[in-house]
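Let me begin by presenting the structure, written as structure tokens, before commenting on it.
Everything numeric in this text was worked out from a predicted model, so none of it was measured. Keep in mind that the numbers below use all heavy atoms, side chains included, and drop hydrogens, waters and symmetry copies. First listed ligand is number 1; within each ligand, the first listed atom is number 1.
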Amino acid sequence: MSDEYRAMWEKLNINMRRHDALMGALPAVFEKIYLGQRGRPQAMGFYDYVVSEIHGLRVKELVEHKEKGGKVFGAFCVYVPEEVIIAAGGIAVGLCGGADFSGPTGEQILPRNLCALIKSAVGFKIGRICPYFQVADLIIGETTCDGKKKTWEILDEYVPTYVMDLPNSRSTADRALWISELKRFVGKVEEVTGNKVTPDRLAQATAILNAKRAALQRLFNLRRARPAPISGLDALLAVQISFYDDPLRFTQKTNELCDELEARVNAEQGVAPAGAKRILYAGTPMPIPFWTIPSLIENTGAVMIAEESCTGTRLLVGGQTTIPGDGLDAQLAAIADRQLQTNCACFTPNDARIDDILRLAQEYQADGVVHFSLSFCQTYNLEATRVSKALEKAGVPVLVLEGDYTEEQAGQLKTRIGAFIETLS
Ligand code: BJ8
């Protein structure tokens, strides 16, 4: 990374010693997991470049945005309405929580028995390791799981943190509550940015995100083909990058990737033989750089063909947001109605998630499902019981796993995944 970036990180008050250690380790990990794959689409060059610049180019864009008076908002959940932030001239970035590297730092102020995602993310902030955290003017939390809910109170002591009150059910009253929360959020974003969220601006921002969602949906549709035109590892990387790259650039590059995949599908060209076992992932999100599960699956010769997760199809549930022409309230209601179809395990009841997993297993012709929850994530771990019962009833083999980001865990998961895929043969 260039000296220009080093000066930028120092200005952002990054702990350079720890940051150098992280940046020193990442290229080797990426090379080992990603660059050795065979038959990668050429268009993956863009995403590889984004990873090579992970704390460089995009952070520079955010800093330049701030120098012009713009604001940056960090978020951890797909329920945070990026449309509103874009409409007010802000930039939203999904903050990472996928590295074991920062987990022990998070444990300095958090209990050990908390999911790895939360500990990793908080460790990035309190250790001053992540420039995205350092550049953010406001962090947006949500009341999804108990772990996150209580963490926001602690995180607020390190960086201003605003919390959206997401209901845990979907009754009419809950819907009304969420719409009122979206309105409250509009007020907060207007206050921070100094810009008004008008119906016109919100419609434009919604259209930008609809186009991004359409490109991602196209990618997932292409993954239904046999043989699979892209590895699960590569598809996951594209989704992970969607959380922090510029949405217009990301949409264009993802459509270019899809053009190439379409040609592959027409030529019946795949990254694995047509007979390779097809695995559907279901469970907790896999934030960058948590690549362990697809890597272990695909190292057996199987291919991960979709992810029922917020770093996968759950991002796309609800499809396009309708853009009603009759004012801000109607637009916010339309955003709420799309969002409330996202089947986070924090909701109860959550039968729609189980139906969705069954549907995905069928539509993507999955030979088996790997359900993975981060340890101490009660909602997903508990829901795994009903998910596996439903899959077994439908005759779909399922492996239920839980774990964290550590190397030790990866060793154990490797044995279990290998044995499961062998049973599918
Ligand atoms: S909508 S899945 S992005 S909350 S793994 S922190 S749930 S203890 S991430 Fe999520 Fe929004 Fe739901 Fe999606 Fe808690 Fe579980 Fe940790 Fe989790």
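- Counting heavy atoms only, Thr284 comes closest to atom 5 (S) of ligand 1 of the residues Asp146, Val80, Thr151, Thr284.
- Residue contacts with ligand 1 for Cys377 involve both N, CA, C or O and side-chain atoms from C-beta outward (heavy atoms, distance under 4.0 Å).
- In Ile118, the part holding a heavy atom less than 4.0 Å from any atom of ligand 1 is the side chain.
- Taking CZ of Arg175 as the start and CD1 of Ile179 as the end, the distance is 4.0 Å to the nearest 0.5 Å.
- Environment of CD in Gln378: sparse, with no more than 12 heavy atoms of neighbouring residues, nucleotides or ligands closer than 6.0 Å.
- Close approach to Cys77 involves these atoms of ligand 1, each under 4.0 Å from a residue heavy atom: 1 (S), 3 (S), 4 (S), 11 (Fe).
- By the criterion of a heavy-atom distance under 4.0 Å, the side chain of Pro285, and not its backbone, is placed next to ligand 1.
- Every residue two or more places apart in sequence or in another chain that forms a side chain to side chain contact (heavy atoms under 4.5 Å, CB included) with Glu392 is listed here: Ser388, Val398.
- With 3.5 Å as the limit, one finds no donor-acceptor pair spanning the side chains of Trp9 and Gln134.
- Considering only non-hydrogen protein atoms, atom 14 (Fe) of ligand 1 sits nearest to Cys145 SG, 2.3 Å.
- In this model, no donor atom of one side chain and acceptor atom of the other lie less than 3.5 Å apart for Ser309 and Tyr380.
- A distance below 6.0 Å separates the ring centres of Tyr405 and Phe290.
- For atom 13 (Fe) of ligand 1, the set of nearby N, O or S atoms under 2.8 Å includes one belonging to Cys310.
- Open room surrounds NZ on Lys150; 12 or fewer heavy atoms of other groups in view lie less than 6.0 Å from it.
- Set against the non-hydrogen atoms of Thr144, the atoms of ligand 1 under 4.0 Å away are 4 (S).
- Close approach of ligand 1 to Tyr380 is summarised as follows: ligand atoms under 4.0 Å from at least one heavy atom of the residue are 2 (S).
- For ligand 1, the atoms sitting less than 4.0 Å from at least one non-hydrogen atom of Arg314 are 2 (S), numbered in the order shown with element in parentheses.
- Residue Cys344 counts as close to atom 12 (Fe) of ligand 1, with an N, O or S atom under 2.8 Å.
- Side-chain contact annotation: Asp337 with Gln341, donor-acceptor N/O pair under 3.5 Å absent.
- Remark: among candidates Lys148, Gln378, Gln339, the nearest residue to atom 6 (S) of ligand 1 is Lys148, based on non-hydrogen atoms.
- Cys115 SG, 2.3 Å is the protein heavy atom nearest to atom 16 (Fe) of ligand 1.
- Judged as a side-chain hydrogen bond (donor to acceptor under 3.5 Å, both in side chains), and not counting sequence neighbours, the contacts of Thr406 are Asp404.
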